Structure formats: structure tokens, C-alpha cells
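This structure is a prediction, so every number in the text was calculated from the model and none was measured.
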Amino acid sequence: MANQGAKKRKEENSRHITNLRRLIIACNAIYFVFRMLIFHSSFTWKHWIGLGVTSAAYFLPYKQLDQMANPSYTDDGELLDGGFDMSTGGVCGYLHDIIYITSFVQVASIISGKFWYIYLVIPAFGVYQCSGFIKQIFSRGSEGDVEDEKSRKKREKLEKKASRGKFVKQRTR
């Protein structure tokens, strides 16, 4: 019964990584069959670059997720940790998003080259996330002291009000 959670997470991670690998292989196969074999007359050097970009966009997040999913073992070979939980958000979620966006762009680019513009969502989201972080850093330096004084006074006022005894008015008839 020991390490049941670690064993379960290890199995879930291996299934998850296998499903991601199947998705990547399927999207590459669809792109290869349709773009290179069926529509070979319209296949240009730009499509080779696109294939290289999507391959890199698959490879880097997939390798990172694969490393995160690797279980750790003790020196005796006993399972210590089942790996990172792939269902969590944060960086793991962003890596999944990159893989899913890449698969969509790769398959949809068979229809039209304009689908490549969807890739602009990734850096735009990165800029959006960084802008919130940068605003937070700059606002702390300039307005932080004023806001701290306000919040301190408000807190003191609430503490003073809470320390006073509560008086209950009763009506007498």
C-alpha cells in the first residue's frame, strides 16, 4: 500500500505522455500526407520552414513535459516520486497550450497559410503576462508607501473599533 499515489501518478503521466506523442505523430503524419504528397505542387520552401518551426515547437515543450513526468527512484530501485502532476496549471499548462496550438496550426495550415498568424497568440500572451508583472513591480516602488499608510490607518481604525465593547440597545416597554 505504500507509495500508491506515486504509482498512480507514474501510470497517469506515462499515459499522458503517450497521448501527447500520438497527437504529435498524428498531426505530423496528416501534414506530411496532405501537404507534401497530395498538394505537392504547392509545396514551397516556406512550408519546409513551417515544418521546422512546428517540429521545434513540438520538441521543446514535449521534452520539458517528459522530464517533468519522469518518476524518481531511490538507490534500491524503489519508487520515490511518481513525477510532476500533469493536470496542474502554471508552466505545465502553458507547455500543453503550446503543443495544442502547434497541432492546430500545423493541421489548419494545410487549408490556408493564414493560419500561421495564430502563432502570434503565444508571444502576445507572454507579453500580457509580463506586462502585469512589470506593472506590479513599478507600482510598488512609487505608490507602495502611500498605500501602506492608508491600509495601516484603516487597519488601526478597525482594530480600535473591534477592541471597544459592544453595546446592545434594548427597548423597554
Side-chain angles (χ1 to χ4, degrees), residues 3-74 77-144:
N3 290 334
Q4 285 297 321
K7 289 177 186 176
K8 185 177 177 184
R9 185 175 298 138
K10 177 187 167 195
E11 292 170 4
E12 288 174 0
N13 286 347
S14 66
R15 269 196 312 270
H16 187 76
I17 292 297
T18 303
N19 288 339
L20 282 177
R21 188 179 321 114
R22 287 179 184 158
L23 173 73
I24 292 169
I25 291 170
C27 289
N28 279 325
I30 290 169
Y31 184 81
F32 184 78
V33 167
F34 279 96
R35 184 44 95 178
M36 291 184 176
L37 297 179
I38 295 175
F39 300 125
H40 63 85
S41 62
S42 65
F43 193 76
T44 63
W45 62 272
K46 294 177 185 176
H47 295 102
W48 281 110
I49 292 174
L51 183 62
V53 166
T54 55
S55 296
Y58 281 134
F59 179 75
L60 297 173
Y62 178 79
K63 275 301 182 191
Q64 182 67 30
L65 286 171
D66 190 37
Q67 289 175 355
M68 292 168 69
N70 279 339
S72 57
Y73 296 95
T74 61
E78 185 178 328
L79 182 64
L80 186 63
D81 183 30
F84 190 77
D85 187 10
M86 292 289 147
S87 64
T88 60
V91 173
C92 186
Y94 297 147
L95 293 172
H96 282 94
D97 291 344
I98 290 172
I99 290 175
Y100 297 142
I101 290 170
T102 300
S103 63
F104 175 76
V105 168
Q106 188 177 30
V107 172
S109 69
I110 296 169
I111 299 168
S112 172
K114 298 195 189 281
F115 281 102
W116 286 100
Y117 292 116
I118 293 176
Y119 257 145
L120 295 175
V121 167
I122 296 170
F125 183 72
V127 167
Y128 170 73
Q129 290 286 45
C130 289
S131 68
F133 180 69
I134 290 171
K135 283 180 187 177
Q136 189 179 26
I137 289 173
F138 285 127
S139 69
R140 238 189 252 162
S142 61
E143 300 172 8

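For Q64, there are no side-chain hydrogen bond (donor to acceptor under 3.5 Å, both in side chains) partners two or more places apart in sequence or in a different chain. The side-chain contact (heavy atoms from CB on, under 4.5 Å) test applied to R35 returns Y31, F39, S42, F43, H47, not counting sequence neighbours.
For the pair L51/N28, a side-chain contact is recorded, criterion being any heavy-atom separation below 4.5 Å from C-beta on. Annotation: side chain of D66 is in contact with side chain of K63 (closest heavy-atom distance under 4.5 Å). Counting only heavy atoms from C-beta outward, the side chains of C92 and L65 approach each other to under 4.5 Å. The shortest side-chain heavy-atom distance between Y62 and L95 does not fall under the 4.5 Å cut-off. When side chains are defined from C-beta on, W116 counts as touching T54, because their heavy atoms get closer than 4.5 Å. T102 has its side chain within reach of Y119: a pair of non-hydrogen atoms, C-beta onward, lies under 4.5 Å apart. In this structure, Y94 and P61 have side chains that are not in contact, with every pair of non-hydrogen atoms separated by 4.5 Å or more. At a threshold of 4.5 Å between non-hydrogen side-chain atoms, the residues L20 and H96 count as touching.
The backbone N or O of R9 lies less than 3.5 Å from no partner atom in the side chain of D85, so there is not a single donor-acceptor pair.
Listed here is the closest heavy atom pair of C27 and Y58: CB-OH, 3.3 Å.
Taking CD1 of I101 as the start and CD1 of I118 as the end, the distance is 8.5 Å to the nearest 0.5 Å. Atom CE of M86 sits about 5.0 Å away from atom CD1 of I17, to the nearest 0.5 Å. Atom CD1 of residue I30 and atom CD1 of residue I25 lie 12.0 Å apart, to the nearest 0.5 angstrom. Taking NZ of K8 as the reference point, atom CD of E11 lies at 9.5 Å (rounded to 0.5 Å).
For Y100, the OH atom is densely surrounded, since the number of other residues' heavy atoms within 6.0 Å is greater than 12. Within 6.0 Å of CZ in F34 there are 12 or fewer heavy atoms belonging to other residues, nucleotides or ligands.
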